[in-house]
Amino acid sequence: MTHTPSLRTRFAPSPSGHLHVGGARTALFNWAYAHGRGGKFILRIEDTDQKRSSDAASVGFLKDLKWLGIDWNEGPEFEGCGGGDFGSYFQSERLDIYNKFLEQLVQQGKAYYAFDTTAELDVARKESKSRNEAYRYDRSRADAISPEQVQAWLKEGKPAVIRFKTPAGAITIHDEILGDATLPAGEVDDFVIRKADGFPTYHFAVVVDDELMGVTTVLRAQEHFNNTAKHIVLQDALGFRRPTYGHLPLIFNPDGSKMSKRDKDKLLRKTAQDKKLTAPPANTVDATRFSAWLGDKNSQLDFAEATAMATALNIELPEINVDDFRRSGYLPQVMCNFLALNGWGPGNDLEKFDNAFLCANFALDRVQKTAAKFDRVKLLAFNLDAIQKLSREAFSGLVKAHGEIYHPEFMKKITAAQFDLLVAASHERSKTLDELFRGNRWLALGDEELTWEKSKQVEKALLAGTPSGLDRLKELRGVLEAVETWTPAGIEESIRQWATTAGLAEQIGQIAQPLRVGVTGSTVSPPIFDTLAILGKSSSLRRIDRCLQDFATAKT
RNA sequence: GGCCUCAUCGUCUAGCCUGGCUUAGGACACCACCCUUUCAAGGUGGCUACAGGGGUUCAAAUCCCCUUGGGGUCACCA
């Protein structure tokens, strides 16, 4: 392991929305790279877009990072992380610093004021587009204005941006992952470095902060590749050092589209349109909100709204954000492992590893150059494997914590003993922590609330054949009533005994299914003896009675 | 469209830099069978890829060129 005490990496998200998997992987790699080399990992909040920033979101980010096990040496202070001598780590609190450097550039003639309106620029852009050319800002627009005029306009408060006077010449980017790339002269135009609202643009703030915070290595997504050229010319103009760059491959959806925070809304909107909905489904959002959302491809519902809408439309929302995966019951170490595997591998057939291994082995020369499609099915397989490897106690603890956060009603309805039995019956078969709750709703239902699924499978289990499932149930009720030790083993013993006398020893399915449907209302549940044991004797009997009652008239 | 960039099974990838050890390895998925009390889980076996075309070389997945295809970017968003 290389030990570079001065090595400093950073993760610099804009606090809009939650941390999504792409961002999480960027953070993970930066973190692992620094940690594996005795360096420092810095977290910086890029909140220079006044329209988008929100404090709640930046806290969401911090929580997500913490959950993944990614801590930061410097940055916003949160649960024992953060602090540091190079603050503030919020860009919105560093305006004075940026302005100092901005002024310096203007005075040196390396940057200039421009007064073009949005409308004017739009025209120029459209023109470029119509000629099938890339749009580049035309410096002569600004040159045409005399220095006196500039001063006069500034004095009267005419809105102005500051643009960087990009030097002529090709720009070569050194990238530790992709190698060198050279952008021909003219590819980078005079980009804006301070917006009319007085805030620096991303490009300017990044360059200043990376220098002042001593960042030595920048690992970020490939979509930033072209931006790096801008950052390099700025660094040169300001006399800054140039960090080492590595551009990470993007993460895509299985269909090849870019994984985006908006994917959930995209799916919901499409479903709503396919169903030709003109009004919002009940219990979702109001009509005004609905039509505004439906009409604007870029608008997003908040989490509660989106969840309600998905329920109403009867669809599953894709997990995009780290928080979505947490909610779905994935283990943080599995998320990190799988995220790392999308874009990096240790170089042999090893795929399962923890963060300590990642820190010790992560290096830029093994980072993939091509985008990866995020395969949730494989992630699920990894999660199952990790769950199976957990001790019963550890699994139980995680399930409990998960349930208390995401299924408090469920947890309140069941006893500690029931919980333990459920955990035991589910451990080997749970792909996620959440599955245990989603798949066992029958347990949290009161005996009088239970309803029986109207499905072919249910009918078959109860009504088909002679004797039918219902006939069996009648007999089984008596058998169960006589069971003295109400445990999976005790129940099994009694039932098997009865089955043998009834000549059904080899056809236990003819017994299990009617029972299962009788007490759970559906054809799917944990193994039947576990199911009965978890439910308890009186509930089981009561439910069988209700089932017999309900279907007594339905029998054909 | 300009510029930049990438290219191994359906997917994530090993091998490529330092050409022969590769009838291209692993994992997930898929298929078949087994187990089985539903759904899973588990077991065994199987299918599947070097984008195409030219070079260079005794020898190319590995080096070079072209084509094709993919991606990124072209904001007073980051």
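On a predicted model such as this, the values are computed, not experimentally measured, just so you know. Computed over heavy atoms, backbone and side chain alike; hydrogens, waters and symmetry mates excluded. To find a chain, count down the sequence lines: A is the first, B the second, and so on, and within it residues start at 1.
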CD1 of A:Ile528 versus C1' of B:rU38: gap in Å, rounded?
9 Å
To the nearest Å, how far apart are A:Asn132 CG and B:rU73 P?
18 Å
Does A:Lys258 reach a base, just sugar-phosphate, or nothing at all? Heavy atoms under 4.0 Å.
sugar-phosphate
Listing time: all N or O pairs from protein to nucleotides 75-78 of chain B that are below 3.5 Å?
residue	atom	partner	partner atom	Å
B:rC76	OP1	A:Arg125	NH1	3.3
B:rC76	OP2	A:Arg163	NH2	3.4
B:rC76	O2	A:Ala196	N	2.8
B:rC76	N4	A:Asp116	O	2.9
B:rC77	OP2	A:Lys195	NZ	3.2
B:rC77	O2'	A:Asp49	OD2	3.1
B:rC77	O2'	A:Arg52	NH2	3.1
B:rC77	O2	A:Arg52	NH2	3.4
B:rA78	OP1	A:Thr48	OG1	3.0
B:rA78	OP1	A:Lys195	NZ	2.3
B:rA78	OP2	A:Tyr202	N	3.3
B:rA78	O3'	A:Glu46	OE1	3.0
B:rA78	O2'	A:Ser14	OG	3.4
B:rA78	N6	A:Asn227	OD1	3.4
B:rA78	N6	A:Asn227	ND2	3.1
B:rA78	N1	A:Asn227	ND2	3.4

Apply side-chain hydrogen bond (donor to acceptor under 3.5 Å, both in side chains) to the pair A:Arg94 and A:Gln91, showing each step before the final yes or no.
CA-CA 5 Å; A:Arg94 299 170 62 81; A:Gln91 288 187 330; over 6 Å; no
When the distance from CG of A:Asp349 to P of B:rA27 is rounded to whole Å, what number comes out?
8 Å
Do A:Asp64 and A:Asn321 pair up side chain to side chain, a donor and an acceptor below 3.5 Å, judged on atom types alone?
no
List in chain and number order the residues that pass side-chain hydrogen bond (donor to acceptor under 3.5 Å, both in side chains) with A:Glu223, two or more places apart in sequence or in another chain; answer none if no residue qualifies.
A:Lys258
Sequence neighbours left out, what pairs pass ring-ring contact (aromatic ring centres under 6.0 Å, His included) with at least one residue falling in residues 159-179 of chain A?
A:Phe164-A:Phe191
Categorize A:Glu133 for me: base, sugar-phosphate, or nothing, with a 4.0 angstrom heavy-atom threshold over every strand shown.
base
Mind checking A:Ser522 for me? I need base, sugar-phosphate or nothing, with any heavy atom below 4.0 Å counting as a touch.
nothing
Need the pair for B:rU38. Rule: Watson-Crick or G-U wobble, both distances under 3.5 Å, any strand; none if unpaired.
none
Considering Watson-Crick and G-U wobble pairs with both distances under 3.5 Å, what does B:rC3 pair with?
B:rG72
Strictly below 4.0 Å, N to O, side chains only: are A:Arg136 and A:Glu187 in salt-bridge contact?
yes
According to salt bridge (charged side-chain N to carboxylate O under 4.0 Å, His left out), does anything in residues 9-18 of chain A pair up with another residue at least two apart or in another chain? List the pairs.
A:Arg10-A:Asp210
B:rG70 to B:rA51 separation - P atoms, rounded to the nearest Å
16 Å
Measure the distance from CG on A:Leu178 to P on B:rU73 and round it to the nearest whole Å.
14 Å
Atom P, compared across B:rG71 and B:rU22: separation rounded to whole Å
36 Å
Take atom C1' in B:rG42 and the same atom in B:rU36, then report the distance between them in whole Å.
10 Å
Would you call A:Asp122 and A:Lys126 a salt bridge, taking side-chain N to carboxylate O under 4.0 Å as the test?
no
Output the rounded distance in Å from CZ (A:Arg376) to P (B:rC12).
14 Å
Value in whole Å for how far the P atom of B:rC6 lies from CD1 of A:Ile177
12 Å
Scan A:Phe252 against the nucleic acid and name what it touches under 4.0 Å (heavy atoms): base, sugar-phosphate only, or nothing.
sugar-phosphate
Can you build the contact string for nucleotides 39-44 of chain B? Use B for base contact, S for sugar-phosphate-only contact, and - for no protein heavy atom under 4.0 Å.
BBSS--
Determine which nucleotide pairs with B:rA27, using a 3.5 Å limit on both distances of a Watson-Crick or G-U wobble pair.
B:rU11
For A:Thr531, all residues meeting side-chain hydrogen bond (donor to acceptor under 3.5 Å, both in side chains), sequence neighbours excluded:
A:Ser525
How far does the P atom of B:rG55 sit from the matching atom of B:rC4, given to the nearest Å?
28 Å
Is there a Watson-Crick or G-U wobble partner for B:rU18 with both distances under 3.5 Å, and which nucleotide is it?
none
Is it the case that the side chain of A:Thr520 and the backbone of A:Arg516 share a donor-acceptor pair, with hydrogens and angles ignored and the cut-off at 3.5 Å?
yes
P gap between B:rC34 and B:rG72, integer Å
47 Å
Salt bridge between A:Arg139 and A:Asp143, side-chain N to carboxylate O under 4.0 Å?
no
Residue set satisfying side-chain hydrogen bond (donor to acceptor under 3.5 Å, both in side chains) with A:Asn337, at least two apart, ordered chain then number -> none
Which ones in residues 497-515 of chain A lie close to RNA chain B, meaning a heavy atom under 4.0 Å from one of its atoms?
A:Ile508, A:Gly509, A:Ala512, A:Gln513
For A:Trp153, give me all partners under ring-ring contact (aromatic ring centres under 6.0 Å, His included), at least two apart in sequence or on another chain.
A:Phe115
Does any N or O in the side chain of A:Asp175 come within less than 3.5 Å of the main-chain N or O of A:His247, such that one atom is a donor and the other an acceptor?
yes
Where along residues 20-29 of chain A does a heavy atom come under 4.0 Å from RNA chain B, residue by residue in number order?
none
How many whole angstroms separate atom CZ of A:Arg496 from atom P of B:rU37?
7 Å
Please work out if A:Arg366 contacts a base, only the sugar-phosphate, or nothing of the nucleic acid, heavy-atom cut-off 4.0 Å.
sugar-phosphate
Between A:Phe225 and A:Arg131, who's closer to the 5' end of RNA chain B by nearest nucleotide?
A:Arg131
Going by purine N1 to pyrimidine N3 plus the second Watson-Crick contact, or the G-U wobble pair, all under 3.5 Å, which nucleotide sits opposite B:rA61?
none
Would you mind reading off the distance between A:Glu453 atom CD and B:rU38 atom P, rounded to a whole angstrom?
17 Å
So, applying ring pair (Phe, Tyr, Trp, His ring centres under 6.0 Å) with A:Phe362, which one of A:Phe353, A:Phe357, A:Trp344 is it?
A:Trp344
Do A:Tyr202 and A:His231 have their ring centres less than 6.0 Å from each other?
yes
Atom C1', compared across B:rA14 and B:rG25: separation rounded to whole Å
6 Å
Going by ring pair (Phe, Tyr, Trp, His ring centres under 6.0 Å), A:Phe325 matches just one of A:Phe338, A:Phe374, A:Phe382. Which one?
A:Phe374
Between B:rA75 and B:rG69, how many Å separate the two P atoms, rounded to a whole number?
26 Å
Each nucleotide N or O in nucleotides 7-11 of chain B that has a protein N or O under 3.5 Å away: list the pair and distance.
none

Looking at residues 337-348 of chain A, who's got a heavy atom less than 4.0 Å off RNA chain B?
A:Leu341, A:Asn342, A:Gly343, A:Gly347
